[in-house]
Novice: 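Dropping a structure here in structure tokens format, bear with me for questions.
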Amino acid sequence: MRRLDALQAVYPELERCVVVTIMGAVAAELQSIGHRPNFFYLQHAMGLASSVGLGIALGRPELQVVVFDGDGSLLMNLGGLTTLARYRPRNLVHVVFDNESLLSVGGFPTATSTGSDLAEIAKAAGVPHTATVRGLEEFREAFLAAQKRDDLTTLVAKTDAVGPSGYVTDLSLLENRYEFARHLKQLGRGE
Amino acid sequence: MLSASFTPYSLAVPVSVESSTAIYRALKETGVRIVSALPETWLVHLIRMAEDDDEMTLVRLAKEEEGVGISTGAHLAGVKSAMLMQNHGFLAAINGIVSCGQLYRIPLLMLISQRGSFGEQDPWQCEGGGVTEHVLEALRIPFDRLEAAEHVGKRIAKAQTLAHSASRPVALLLCRDLMWDD
């Protein structure tokens, strides 16, 4: 499964959500499908996308939050999984694209390539619903089920280690940040 | 099971309840609704106050850098927050502060217990105190020291104001003379 295809498969569902992504390929590919004001791309601070998602989910329980994480990023903040599980935001779906490599910096293999299982780690951390999926339709169905579940889910999607040719887009970091915050403020006014 | 003679560590050390109460009150007056924290001795009363307060969400962290992400998310969602940590926790959180808080111009309000200054009795706490202010300066993070009760309300309010007007992380150092009744 290509990550780009996985993003395409759930893209229509993201319109009514608040989306936080990690840097690099995930951010560039989601933007290539189509940027929306409810998408925030954390273009550095590896590991913190899930923590940013938790901050949004706790601060605004009425919002549906989706985090697109990666194996390299999540491995940098495994402790954050225990915090996520501890506060169990029911309005957060945590997707981990696991291509078993640090693709954006040369494709060096991560520990998931030698057997570390992120869904099992999440489960052992206390995340109530976890799964690993490998096929596109399986991913789409698991994502839709997680959205309907009204409980915290960590969904690990095994993807091919392929990505875009470049990662810099014409959306500046601060433009994205202020647009996103303004959009969330408007959502609070029921607009 | 704890033995009957167990005394919670927090009760055995003279952390100032009065100063902790003043700090907590000041945080609430500036609109803070989410507090992230990693327990440390000087922060025990503050953490308990946040835990006991229905109007506050306390997020207990595994590591301080997570707090940067949580406060960033809270800010983007329109909610004011504060981070409670020891200076060694601040040192552990620096990449997040730089590559999330500063890169994205997030008004982080960091309350940092300044361990390792004059009067410190724990040998393992003595290294961080000597570098904390230099690191804050190197990172160009505006900071002030809370050393006495009369500093608390005004400086916390002013720190919160600057954090939001500058849209940048700011820090307040919780100093020994304020936090410790000895």
Side-chain angles (χ1 to χ4, degrees), chain A residues 18-20 22-23 38-63 65 67 69 73 76-87 89 91-92 125-126 172-189, chain B residues 31-39 47 50-51 54-85 89 92-109 139 163-164 166-169:
Chain A
V18 169
V19 178
V20 178
I22 57 167
M23 65 188 299
N38 52 320
F39 297 173
F40 176 67
Y41 317 95
L42 184 62
Q43 296 282 17
H44 210 319
M46 280 183 73
L48 291 190
S50 56
S51 304
V52 172
L54 177 60
I56 296 170
L58 290 175
R60 298 279 295 277
E62 81 280 12
L63 300 177
V65 181
V67 175
D69 213 335
S73 287
M76 287 197 191
N77 188 14
L78 287 178
L81 271 178
T82 66
T83 308
L84 202 57
R86 188 174 198 168
Y87 295 94
N91 55 333
L92 195 152
S172 90
L173 278 60
L174 289 179
E175 182 183 358
N176 174 223
R177 169 247 188 275
Y178 284 110
E179 178 193 46
F180 180 76
R182 195 175 300 117
H183 182 75
L184 265 55
K185 190 180 280 185
Q186 286 168 354
L187 288 178
R189 294 196 208 107
Chain B
V32 169
R33 275 182 44 212
I34 293 178
V35 165
S36 71
L38 204 137
I47 291 171
E51 187 171 39
D54 290 340
E55 295 172 353
M56 190 70 77
T57 299
L58 170 67
V59 184
R60 295 175 183 273
L61 307 171
K63 196 167 183 180
E64 289 83 354
E65 192 179 9
E66 292 172 56
V68 177
I70 289 164
S71 279
T72 297
H75 174 71
L76 296 176
V79 177
K80 283 185 178 163
S81 68
M83 299 162 63
L84 299 177
M85 58 192 146
I94 283 175
N95 181 55
I97 293 167
V98 173
S99 65
C100 183
Q102 293 187 323
L103 184 64
Y104 281 98
R105 302 288 297 265
I106 304 297
L108 300 177
L109 180 61
L139 295 173
H164 282 83
S167 210
R168 287 191 182 280

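Order of the sequence lines sets the chain letters (A, B, ...), proteins ahead of strands, with each chain counted from 1. For the numbers below, each heavy atom of this structure counts, side chains included, while hydrogens, waters and symmetry mates do not.
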Novice: Let me know if B:V59 has heavy atoms under 4.5 Å from chain A in its side chain, its backbone, both or neither.
Specialist: both
Novice: Among B:S81, B:G78, B:G69, B:G67, single out the residue with the greatest number of heavy-atom pairs under 4.5 Å to chain A.
Specialist: B:G69
Novice: Identify which part of B:S71 has an atom lying under 4.5 Å from any heavy atom of chain A, answering side chain, backbone, both or neither.
Specialist: neither
Novice: Would you say B:S99's side chain and B:N95's backbone share a donor-acceptor pair under 3.5 angstrom?
Specialist: yes
Novice: Of the backbone (N, CA, C, O) and the side chain (C-beta and beyond), which part of B:R60 lies under 4.5 Å from a heavy atom of chain A, both, or neither?
Specialist: both
Novice: Which residues pass the salt bridge (Lys or Arg N to Asp or Glu O under 4.0 Å) test with A:R177, not counting sequence neighbours?
Specialist: none
Novice: Test your reading of the model: is there a side-chain donor-acceptor pair from A:E179 to the backbone of A:N176, 3.5 Å cut-off?
Specialist: no
Novice: For each of B:T57, B:L103, B:I97, B:V68, tally heavy-atom pairs with chain A at distances under 4.5 Å, and name the one with the top tally.
Specialist: B:L103
Novice: Chain A heavy atoms under 4.5 Å from B:I34: which part of the residue, side chain, backbone, both or neither?
Specialist: side chain
Novice: Which residues satisfy the salt bridge (Lys or Arg N to Asp or Glu O under 4.0 Å) test with A:R60, sequence neighbours excluded?
Specialist: A:E62
Novice: For this output row, return yes or no: ring centroids of A:F180 and B:Y104 closer than 6.0 angstrom.
Specialist: no
